[in-house]
> 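My structure is below; once you've seen it, I'll send some questions.
Residue numbering restarts at 1 for every chain, and letters A, B, ... go by the order of the sequence lines.
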Number of protein chains: 2
Amino acid sequence: MEDGTSRSPGNCADTGAVDGEFDVLNWDAREDCEVRQILDRIADKWSLLAIALLDRRPLRFTELRRAIDGISQRMLARTLRHLERDGLVSRTVHPTVPPRVDYELTTLGATLHETIKSLVVWTEDHQREIAEARTAYDRRIAQEQEQAAREAAERDAIARAVLTGER
Amino acid sequence: MEDGTSRSPGNCADTGAVDGEFDVLNWDAREDCEVRQILDRIADKWSLLAIALLDRRPLRFTELRRAIDGISQRMLARTLRHLERDGLVSRTVHPTVPPRVDYELTTLGATLHETIKSLVVWTEDHQREIAEARTAYDRRIAQEQEQAAREAAERDAIARAVLTGER
DNA sequence: CAGTATCCATAAAGATACTG
DNA sequence: CAGTATCTTTATGGATACTG
């Protein structure tokens with residue numbers, strides 16, 4: 001069996017009313033902070049997709065597996081157990097033959113989905129901008145490398161010329 | 001040098017106006033979908049924190065390193081390059097001695113921060129609920145295991161009794 | 001069907017050392 | 001200071017076998 005988050009409890013949001021300016025660099029500073037742990041969990045690649053998909057209707061294990069392209073059986077099981085443990089997803093076993101297990105968002109999970117959705121919507125809205133930024137960046141890097149190569153070649157040529165002259 | 005996202009372009013949001021019900025399981029189904037790739041990037045553990053921290057003011061490399069507890073130099077450099085490539089963060093080199101490099105959110109990055117913030121706020125708001133859910137889950141699992149152990153012991157006892165009787 | 005358990009190959013993250 | 005290069009460790013994914 002694999003373990004989940006069994007490290008130190010480490011709650012860090014108990015700083016009370018401190019200086020607002022310094023709080024900035026402190027709000028989720030410590031790694032063992034509970035908020036950081038939760039964020040790591042829900043901002044996870046697979047968790048995000050699972051929650052997004054479960055919003056519409058309950059889904060079975062295999063339905064999720066098919067819907068989330070690229071996830072392994074192991075990772076899906078793991079992700080679902082984590083989400084269940086955090087109270088975001090409920091697992092319902094129907095005592096039928098063959099067995100049927102439905103996963104669905106809890107009330108808590110549904111509230112999370114709202115913010116997740118805004119993230120997805122943002123991504124869709126700015127997809128093109130990001131693609132353009134990437135293209136521009138890659139082009140710039142390529143140009144810089146070419147430039148560096150040219151300069152290196154030039155230095156080489158000068159060095160060779162000097163050596164030839166000295167000879 | 002490490003490469004970034006250089007796989008197939010794979011845009012999948014071009015399905016136009018299809019059946020809304022089926023679109024659900026298709027909206028980010030394919031792994032090489034551009035939206036999926038962007039989500040994986042921005043929903044990343046470190047990216048999230050970097051963007052959250054950069055919202056307040058520009059920060060230097062080392063400031064970020066100190067502010068994001070637990071991040072390695074390598075991962076910070078990597079994360080920042082990714083964010084820069086995606087046009088979310090700008091990198092400004094000041095030609096001073098010692099060198100000074102400022103990172104700050106771009107306009108695009110600032111819009112993303114809005115949704116990231118809602119995620120962080122959600123986490124803070126529901127931190128306690130999640131903690132309770134975890135405790136309840138862990139307790140339930142422990143009880144189930146105890147129960148299973150008891151049943152196994154009982155079966156053992158019965159089996160032994162039968163064997164004794166047969167003997 | 002819905003998993004868990006295990007072994008293995010690979011990829012990502014971490015630690016460390018070194019450079020402009 | 002702001003990184004890159006390199007090596008090590010850990011996490012993840014794939015395949016397979018096995019339960020209830």
> For dC1(C), take OP1 and OP2 only and decide whether either is under 4.0 Å from a side-chain N or O of Tyr103(A).
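Negative; the distance criterion is not met.
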
> Report the distance from atom CZ of Arg78(B) to atom P of dA11(C), rounded to the nearest whole Å.
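Distance, rounded to whole Å: 13 Å.
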
> Any salt bridge between Asp102(A) and Arg60(A), counting N to O under 4.0 Å?
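No.
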
> Identify the two heavy atoms, one from Leu83(A) and one from Ala50(A), that lie closest to each other, and give their separation to 0.1 Å.
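The pair with the smallest heavy-atom distance is CD1-CB, 4.0 Å.
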
> dG13(D), OP1 or OP2 - any side-chain N/O from Trp46(A) closer than 4.0 Å?
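Yes, Trp46(A) has a side-chain N/O under 4.0 Å of OP1/OP2 on dG13(D).
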
> Nearest to the side chain of Pro99(A) - dG20(D), dG3(C), dG3(D)?
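Looking only at heavy atoms from C-beta outward on Pro99(A), the closest nucleotide is dG20(D).
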
> To the nearest Å, how far apart are His94(A) NE2 and dA2(C) P?
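So the two atoms are 10 Å apart, to the nearest Å.
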
> When you measure from the side-chain N and O atoms of Arg91(B) to the phosphate of dG3(D), is any distance below 4.0 Å, counting only OP1 and OP2?
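Indeed, a polar side-chain atom of Arg91(B) lies that close.
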
> Rounded to whole Å, how long is the line connecting atom CZ of Arg66(B) with atom P of dC1(D)?
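Atom CZ in Arg66(B) sits about 7 Å away from atom P in dC1(D).
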
> Please say which of Gln143(B), Arg150(B), Glu144(B) ends up in a side chain to side chain donor-acceptor pair (under 3.5 Å) with Gln147(B).
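Among the candidates, only Arg150(B) passes.
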
> With a cut-off of less than 4.0 Å, is there a side-chain N or O of Thr62(B) near OP1 or OP2 of dA2(D)?
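Yes.
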
> Give a yes or no on whether Arg140(A) atom CZ has more than 12 heavy-atom contacts from other residues, nucleotides or ligands under 6.0 Å away.
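Correct, the count exceeds 12.
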
> Nearest whole Å is fine: how far is dG3(D) P from Arg100(B) CZ?
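Interatomic distance, CZ of Arg100(B) to P of dG3(D): 12 Å.
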
> Expressed in angstrom and rounded to an integer, what is the separation of Asp44(A) atom CG from dA13(C) atom P?
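Taking CG of Asp44(A) and P of dA13(C), I get 12 Å after rounding.
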
> Which heavy-atom pair separates Leu39(B) from Val120(A) by the least distance, and what is that distance?
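Taking every non-hydrogen atom into account, CD1-CG2, 4.0 Å.
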
> Hey, is the side chain of Gln73(B) pairing donor to acceptor with the base of dG14(C) inside 3.5 Å?
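Under the 3.5 Å cut-off, the side chain and the base do not form any donor-acceptor pair.
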
> Taking for each residue the nucleotide of DNA chain D with the nearest heavy atom, is it Ser72(A) or Leu80(B) whose nucleotide lies nearer the 5' end?
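So the residue in question is Leu80(B).
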
> When you get a sec, tell me which of dG3(C), dG3(D), dG14(C) is the closest nucleotide to the side chain of Val101(B)?
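Between dG3(C), dG3(D), dG14(C), the one nearest the side chain of Val101(B) would be dG3(D).
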
> Give a yes/no on whether any side-chain N or O of Arg81(B) is located under 4.0 angstrom from OP1 or OP2 of dT4(D).
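Affirmative; the distance criterion is met.
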
> In whole Å, what is the span from the CZ atom of Arg74(A) to the C1' atom of dC8(C)?
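So the CZ-C1' distance, Arg74(A) to dC8(C), works out to 12 Å.
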
> Nearest whole Å is fine: how far is dG3(C) C1' from Leu59(A) CG?
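Those two atoms, CG and C1', are 17 Å apart.
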
> Nearest to the Pro98(B) side chain among dC1(D), dG14(C), dG13(D), which nucleotide is it?
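So the side chain of Pro98(B) is nearest to dC1(D).
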
> Hunt down the Watson-Crick or G-U wobble partner of dG20(D), both distances under 3.5 Å, from any strand shown, or write none.
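By the stated definition (distances under 3.5 Å), dC1(C) pairs with dG20(D).
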
> Could you tell me the separation between the CE atom of Met75(B) and the C1' atom of dA5(D), rounded to a whole number of Å?
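Atom-to-atom, Met75(B) to dA5(D), this comes out as 16 Å.
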
> Taking only side-chain nitrogens and oxygens of Arg60(A), does any of them come within less than 4.0 Å of OP1 or OP2 of dA2(C)?
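For dA2(C), OP1/OP2 do have a side-chain N/O of Arg60(A) under 4.0 Å.
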
